[in-house]
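The shown structure was predicted, so the numbers you read here are calculated from the model rather than taken from an experiment. Order of the sequence lines fixes the chain letters, A, B, ..., with proteins taken first and strands second; residue numbering starts at 1 for each chain.
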2 protein chains.
Amino acid sequence: MDEHRDITLAKKHIYRMTPQRKVILEEVRKMNNHPSADEIYEAVRKKLPRISLGTVYRNLEILSEQGEIQKLELTDSVNRYDWDTRKHYHIRCVRCGRVDNAPIAPMQQLENELYGATVFTILGHRLEFIGLCPECSKKLSCLKNNPPDK
Amino acid sequence: MDEHRDITLAKKHIYRMTPQRKVILEEVRKMNNHPSADEIYEAVRKKLPRISLGTVYRNLEILSEQGEIQKLELTDSVNRYDWDTRKHYHIRCVRCGRVDNAPIAPMQQLENELYGATVFTILGHRLEFIGLCPECSKKLSCLKNNPPDK
DNA sequence: ATGATATTGAAAATTATTTTATAAATGGTG
DNA sequence: CACCATTTATAAAATAATTTTCAATATCAT
């Protein structure tokens, strides 16, 4: 409900490097599939069995705030995380949720097109492609020839 | 967690026109500010005081499935609804959540650029601009000259 | 009017995420 | 090294948006 940003100009938090934070970062950097917090939790648990999910969430937030990782807020129910902090777009499978990078260069000029045409001050944009991964495409075309309900 | 789409080819539901559904549609058509389910609920309640929030959610889903309205899944915690079902982009204020239409034409050719460059079958794309509405811009520039914490 | 089934209201369930409280760990300083 | 102000971890509870359940109607093609 209240998702308004914190606008205080308070002094920056000084973060400490903890074993938990280090392992979380290492694990995210090993994952190439844009994992969710829960998937990262499961991976980290193998190294630190007593870690709590809350710690994972908190550290993912801190790490993305620090620019160590990128938080992907896709039009999906779950947020995903990416070790690659460079600007790039994504493509998401509507059926299974798989997320790949979209091989297309970021288009900053999109924002320029709005200049003067809106009363808003533009800060950025978000572009996400929706599609079907090869596996789901295949399953769906099978279903089409052979519907499950006769 | 399980947000995979229903892929059954079962026979289409036959929807009935209820007073509730009709009032919900009428109210959304009156609103120009991309209202959330809760805002629609409040508006509808003035006409039908005994309606439940669940009914509003259920009908908004049905109405958007039927193409009577458009469901906007922005990178916001709440979904919004739009009486205008034509393809268009939006710009959202990061601070207060206000959503305006983005005065820029839909770019279908964006999807073509991915053709052959990804293993996905492209179904669509989503483009959302992030910014500050005039009111929030003003408040922020005041804060800059006069920070709340000395 | 009748009957099959879609729909409602109210409440409970779900899901992802955030917050709280208490205890423990960290790292700069004397 | 010991002290100490914080930051952080854990576990559990809280939150918030949305969905589901279920028993009681309402709808509409026949």
Parallel, tilted or perpendicular: ring planes of His90(A) versus His34(A), cut at 30 and 60 degrees: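 Plane angle over 60°, so perpendicular.
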Parallel, tilted or perpendicular, as decided by the 30° and 60° cut-offs, for the rings of Tyr89(A) and His125(A):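 Because their plane-to-plane angle lies in the 30° to 60° range, the rings of His125(A) and Tyr89(A) count as tilted.
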Out of [options], which nucleotide sits closest to the side chain of [X]?
X: Lys71(A); options: dA10(C), dA11(D), dT18(C); answer: dT18(C)
X: Thr55(B); options: dT17(C), dT18(D), dG9(C); answer: dG9(C)
X: Gln20(A); options: dA17(D), dT10(D), dG9(C); answer: dT10(D)
X: Asn59(B); options: dT18(C), dT18(D), dT8(C); answer: dT8(C)
X: Pro19(A); options: dG9(C), dT26(C), dT17(C); answer: dT26(C)
X: Val78(B); options: dT10(D), dT18(D), dT17(C); answer: dT18(D)
X: Arg58(A); options: dT18(D), dT8(D), dT18(C); answer: dT8(D)
X: Ile51(A); options: dA9(D), dT10(D), dG9(C); answer: dT10(D)
X: Leu53(B); options: dT10(D), dT18(D), dT8(D); answer: dT18(D)

Rounded to the nearest angstrom, tell me the gap between atom [atom1] in [X] and atom [atom2] in [N].
X: Ile62(A); N: dT8(D); atom1: CD1; atom2: C1'; value: 8 Å
X: Met17(A); N: dA9(D); atom1: CE; atom2: C1'; value: 15 Å
X: Glu42(A); N: dA16(C); atom1: CD; atom2: P; value: 13 Å
X: Lys22(A); N: dA25(C); atom1: NZ; atom2: P; value: 16 Å
X: Leu48(A); N: dA25(C); atom1: CG; atom2: P; value: 14 Å
X: Tyr41(B); N: dT8(C); atom1: OH; atom2: P; value: 14 Å
X: Arg21(A); N: dA9(D); atom1: CZ; atom2: C1'; value: 10 Å
X: Arg80(A); N: dT17(C); atom1: CZ; atom2: C1'; value: 15 Å

dT7(C) base / Arg16(B) side chain donor-acceptor hit below 3.5 Å: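 A donor-acceptor contact between them is absent.
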Candidate pair Ile24(B) and Glu27(B), rule side chain to side chain contact (heavy atoms under 4.5 Å, CB included), full reasoning: CA-CA 5 Å; Ile24(B) 290 169; Glu27(B) 290 304 311; 6.0 Å; no
Is there a side-chain contact between [X] and the phosphate of [N], meaning an N or O under 4.0 Å from OP1 or OP2?
X: Asn79(B); N: dT18(D); result: yes
X: Thr18(A); N: dT7(D); result: no
X: Arg50(A); N: dA9(D); result: no
X: Tyr57(B); N: dT18(D); result: yes

Heavy atoms from other residues, nucleotides or ligands near NZ of Lys71(A) exceed 12 (cutoff 6.0 Å):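 Yes, enclosed.
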Ile122(B) reachable from Val94(A) in the ILVMFWY side-chain graph, under 4.5 Å edges: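 In one cluster with Val94(A): Ile122(B), no.
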Over all atoms of both residues, closest heavy-atom pair of Ile91(B) and Gly131(B):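 Shortest heavy-atom separation between Ile91(B) and Gly131(B) comes out as CG1-N, 4.5 Å.
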